[in-house]
Peer 1: 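Quick one: the structure is below, and I'll ask about it shortly.
Computed over heavy atoms, backbone and side chain alike; hydrogens, waters and symmetry mates excluded. All values reported here derive from a predicted model rather than from experimental measurement.
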Amino acid sequence: MASLLGASPLSSPTASKRSSESNMLSIDTKSTERVTWTPHLRKYISNGYAEHPDIYTDDFRVLDELRNDCIYMEANEKALNRLIKYYAQLVFIGSKFPIDVGIEFPWHPAFSTSNTDITSHRNMHYEKACVLYCIGAMYSQLGNAENRLTTEGVKRACNFFQCAAGCFKHLQDVVIPEMRIPPTADMSSGALQTLINLMLAQAQECIWQRAAMDQLRDGTIARLAIKIAEFYDAAYELATHSSTQGVFPKPWLTHMQVKALHFNAAAQFRKSCECISQNKYGEEVARLRIANSLVKRAFDMIKSFFSGTPMVSNTVVSDLRSLQQIIQTNLARAEKDNDVIYLETLPSESALPPIQKSEMVKPTPPAEIADPVAIMLANERRGSPHPVIGLPLFQKLVPFAVHQAASVYVDRKERVIKEDIIARLEELTAVYHSSIQSLNLSTTLAGFEQTDGLPGHLQRQAAEVRQSGGSQALYDMWEKVQQASTKNLEVLEDAFNALDDEQESDESLRSRYREQWNRPESRVFTAEMVSQGQQHRNTLMSAQKADQIVYRKLDTWAKIIDILALPEQELEQSVPGSENTESASNGREAVEQLRRLMDEMDEHLVMRRQITDKAKRISNADDISPALLKKAAQLTAKSPVIKIDPAQFEELFAEELRKYDDLLMQIDQQDERQNQILRELAQVHQEYCTARENESATAKRERALQNLSQAYQKFVEIRNNLQEGLKFYADHGRSLASFRDSCLKYCHHRRAESDQIVERLSLGMSNLSINGQHVRSSHPPNPNEWGSQWGH
């Protein structure tokens with residue numbers, strides 16, 4: 001049975017010799033480049049905390065030393081402790097500094113063999129996430145390095161693997177959500193869950209190995225084995241999901257499948273051994289046959305995937321071969337005994353009771369990872385630093401939560417000023433002016449007082465329309481809009497045509513060379529480009545629909561706009577005069593009442609400007625810093641490093657914001673009085689219109705003036721619409737040009753690659769593979785990389 005005690009392969013494409021001989025996987029740490037905290041933190045402390053940074057010289061040095069340890073990481077407990085200390089300090093200083101302190105943190109993705117493949121973010125939580133990933137990876141390496149031929153070695157390996165799973169679980173549940181940016185592919189939820197399941201499988205495998213070494217009952221060992229298989233199966237399913245495709249190397253995927261089959265077979269074998277003691281000889285044979293079939297499937301998988309260098313370790317193959325020999329030996333004996341002695345009917349596989357699972361492991365992050373701040377504080381109270389993570393750095397800095405609280409208060413204060421005071425007053429004023437315009441009171445008052453000629457405001461409006469060129473100027477702008485729209489559509493078509501031509505060329509060559517042409521099809525790489533191009537097309541279609549609405553509006557108002565653009569004398573002649581000189585007395589009382597109400601509103605408009613100015617003065621003098629510092633001192637009275645949350649200042653915020661209550665009350669009064677005035681204006685205006693209904697000449701004049709005034713508003717509205725259209729097409733044109741250039745560069749790259757492949761095929765290189773090194777070197781970047789490599 002000794003050969004059944006182990007199980008697992010290559011740790012990664014760059015696995016060490018020891019790892020390649022192991023039957024388990026270990027994870028390589030992510031690599032990074034040199035970064036220095038000191039200049040950025042010195043600057044931030046000087047500007048954000050108003051303290052002299054020299055106070056924290058030792059803290060800067062320690063933090064930089066810990067960061068530099070990330071560049072060259074070896075798999076030993078000393079290096080692991082340094083990583084854990086760096087992670088713990090990152091957690092602590094997260095309460096002192098914002099996410100972005102101006103430092104770009106560069107990290108290469110896990111499993112990458114490219115030196116140029118790197119992702120950088122100005123995000124302290126991204127740094128923390130990558131460091132925690134490395135801690136989990138190092139735990140896996142330490143677990144894989146243990147001598148699992150001894151009881152203590154198996155126990156330590158199991159603990160290491162559970163710690164690794166715990167680190168990845170903590171990364172998934174706590175740290176990644178704090179980043180506020182999408183995680184890289186190797187730290188996506190699916191990728192991390194894959195690693196969690198893999199580490200738990202290997203930890204459970206250690207438990208199973210210990211059970212076999214201690215010669216526990218076969219049923220117990222079977223229940224442990226079936227859970228191992230379940231962990232490996234879950235890891236494989238997630239690793240091959242579309243969201244994680246390409247993250248893990250192929251040897252890992254094969255390893256997970258083979259191991260799952262191995263332990264399913266081992267579970268059936270152990271269960272068959274239990275059947276002997278229970279006199280279930282038919283079930284024994286059935287389970288041995290299932291076990292034999294599972295092992296055969298594993299070997300068939302290995303043979304189908306490998307054509308030379310194996311993609312799983314020799315130890316995994318050896319373990320599988322030993323298991324096969326034991327199963328076949330027992331199967332031959334069991335079949336003979338049953339055929340000769342017991343003569344039991346063999347149950348079908350579906351009729352066999354399932355093997356119960358015993359899950360003995362779980363993700364267990366070390367305490368220094370789960371809550372490092374609490375550990376540092378506990379040791380500080382005892383008067384001695386923690387042996388691994390030490391005392392927190394930058395203890396004397398005012399917690400960043402205080403600065404966050406100040407920022408929160410400023411935001412709320414600005415919201416009160418901008419939204420509750422200024423914006424609300426502007427909204428009230430806009431409602432008033434809109435109501436005046438809808439009632440056309442300006443024209444009504446002007447028409448009443450001036451029975452001949454044009455009111456002054458209408459003369460100015462007419463002069464503006466006349467000087468601008470009338471409706472013809474709008475039609476000319478419309479033509480320019482259409483030209484810009486057509487040009488943008490042509491640019492988009494150029495991009496689509498380039499992609500279509502490249503795809504047709506690829507399909508033609510694929511048809512010509514058949515299986516020799518085994519590079520990925522064009523649509524694999526162009527899906528994102530086509531989707532983006534379709535978005536551009538939809539945008540253009542929506543814009544063209546909007547253009548048509550503007551054109552119909554222009555056609556509707558063109559004639560009356562042209563009347564407004566007539567020479568002044570002709571325009572005056574086009575407006576009828578008032579023939580009934582006695583009618584003036586009929587509406588004078590209503591007009592005077594309208595004017596009184598509008599004069600009162602003018603006074604209110606002046607008061608609103610005064611309220612706005614006063615609010616700005618109060619805001620400029622509103623400094624909550626002393627009150628915040630006093631409150632922070634109260635909160636940290638028991639400990640200088642206690643964690644403070646901005647929510648703890650809510651009562652202080654509410655108290656400080658009460659200074660604006662008087663202004664808000666005045667705005668409520670403005671709102672109430674304006675509603676009363678608008679109701680009275682509408683009522684008086686209706687009475688005025690009723691009184692003038694029978695005065696046909698005066699009514700015609702007022703309607704004419706109203707139409708001309710409305711024509712001016714439409715002229716301005718249409719002109720603005722067309723100007724916005726021209727600006728939109730200009731901006732969108734630049735975006736389309738960039739999109740077209742990306743498509744052309746992609747097509748040029750694919751054509752050059754096609755030429756190289758055709759040339760090699762013509763020289764007899766019929767075994768060209770998309771996984772070959774010579775193709776990979778010229779392989780077009782995946783869609784996620786187009787932005788950086790193609791300027792997309």
Side-chain angles (χ1 to χ4, degrees), residues 1-8 23 201-202 204-237 255-303 316-361:
M1 292 300 175
S3 61
L4 296 179
L5 301 183
S8 263
N23 63 353
Q202 296 184 168
Q204 178 92 357
E205 190 171 338
C206 292
I207 300 290
W208 171 86
Q209 184 175 348
R210 174 71 181 273
M213 292 169 68
D214 293 345
Q215 297 183 354
L216 298 185
R217 289 181 298 178
D218 289 312
T220 300
I221 299 176
R223 290 193 293 273
L224 293 172
I226 201 69
K227 185 59 187 180
I228 299 171
E230 184 177 80
F231 278 132
Y232 276 119
D233 273 329
Y236 174 76
E237 290 297 324
H255 174 86
M256 295 173 193
Q257 290 178 287
V258 170
K259 295 285 278 191
L261 291 169
H262 178 120
F263 281 101
N264 267 313
Q268 293 292 345
F269 168 70
R270 288 288 186 169
K271 193 67 176 176
S272 75
C273 295
E274 185 183 55
C275 290
I276 298 175
S277 62
Q278 298 173 346
N279 299 324
K280 298 178 180 179
Y281 303 108
E283 182 178 336
E284 177 197 9
V285 174
R287 290 193 181 278
L288 285 170
R289 287 182 177 179
I290 294 172
N292 192 48
S293 174
L294 290 167
V295 172
K296 184 177 182 302
R297 280 176 56 194
F299 275 116
D300 290 343
M301 183 177 298
I302 294 173
K303 292 176 184 178
V316 171
V317 177
S318 176
D319 288 344
L320 193 62
R321 188 173 290 112
S322 297
L323 178 60
Q324 186 182 47
Q325 291 172 356
I326 293 171
I327 291 171
Q328 290 178 347
T329 299
N330 280 270
L331 178 59
R333 186 263 310 155
E335 287 179 333
K336 181 179 179 181
D337 288 350
N338 193 57
D339 291 343
V340 175
I341 302 172
Y342 306 116
L343 304 177
E344 286 192 8
T345 303
L346 303 186
S348 64
E349 182 174 349
S350 61
L352 291 173
I355 301 173
Q356 299 301 311
K357 305 180 184 73
S358 291
E359 184 174 348
M360 304 298 293
V361 294

Peer 1: Sequence neighbours excluded, which residues qualify as side-chain contact (heavy atoms from CB on, under 4.5 Å) partners of Glu237?
Peer 2: none
Peer 1: What pairs with Gln324 under side chain to side chain donor-acceptor pair (under 3.5 Å), at least two apart in sequence or on another chain?
Peer 2: none
Peer 1: Listed by chain and number, what are the side-chain contact (heavy atoms from CB on, under 4.5 Å) partners of Arg210, not counting sequence neighbours?
Peer 2: Thr151, Val154, Asp214
Peer 1: Just jot down the salt bridge (Lys or Arg N to Asp or Glu O under 4.0 Å) partners of Lys296, sequence neighbours excluded, or say none.
Peer 2: Asp300
Peer 1: Restricting to ring-ring contact (aromatic ring centres under 6.0 Å, His included), what partner residues turn up for Phe299, sequence neighbours left out?
Peer 2: none
Peer 1: I'd like to check the side chain to side chain donor-acceptor pair (under 3.5 Å) partners of Asn292; sequence neighbours left out, ordered by chain and number.
Peer 2: none
Peer 1: Enumerate the salt bridge (charged side-chain N to carboxylate O under 4.0 Å, His left out) contacts for residues 344-357, please, sequence neighbours excluded, ordered by first and then second residue.
Peer 2: Glu230-Lys357
Peer 1: Quick one: list whatever passes salt bridge (Lys or Arg N to Asp or Glu O under 4.0 Å) with Asp218, sequence neighbours left out.
Peer 2: Arg270
Peer 1: Does Ala265 have any side-chain contact (heavy atoms from CB on, under 4.5 Å) partners at least two apart in sequence or in another chain, and if so, which?
Peer 2: Ala291, Leu294, Val295, Leu323, Ile327
Peer 1: Could you pull out all residues at least two apart from Gln278 that satisfy side chain to side chain donor-acceptor pair (under 3.5 Å)?
Peer 2: Lys280
Peer 1: Applying salt bridge (Lys or Arg N to Asp or Glu O under 4.0 Å), can you list everything that pairs with Arg223, at least two apart in sequence or on another chain?
Peer 2: none
Peer 1: Would you please name every residue forming a side-chain contact (heavy atoms from CB on, under 4.5 Å) with Ala334, sequence neighbours left out?
Peer 2: Glu284, Val285, Leu288
Peer 1: Pick out which of Gln257, His262, Glu205 makes a side-chain hydrogen bond (donor to acceptor under 3.5 Å, both in side chains) with Tyr232.
Peer 2: Glu205
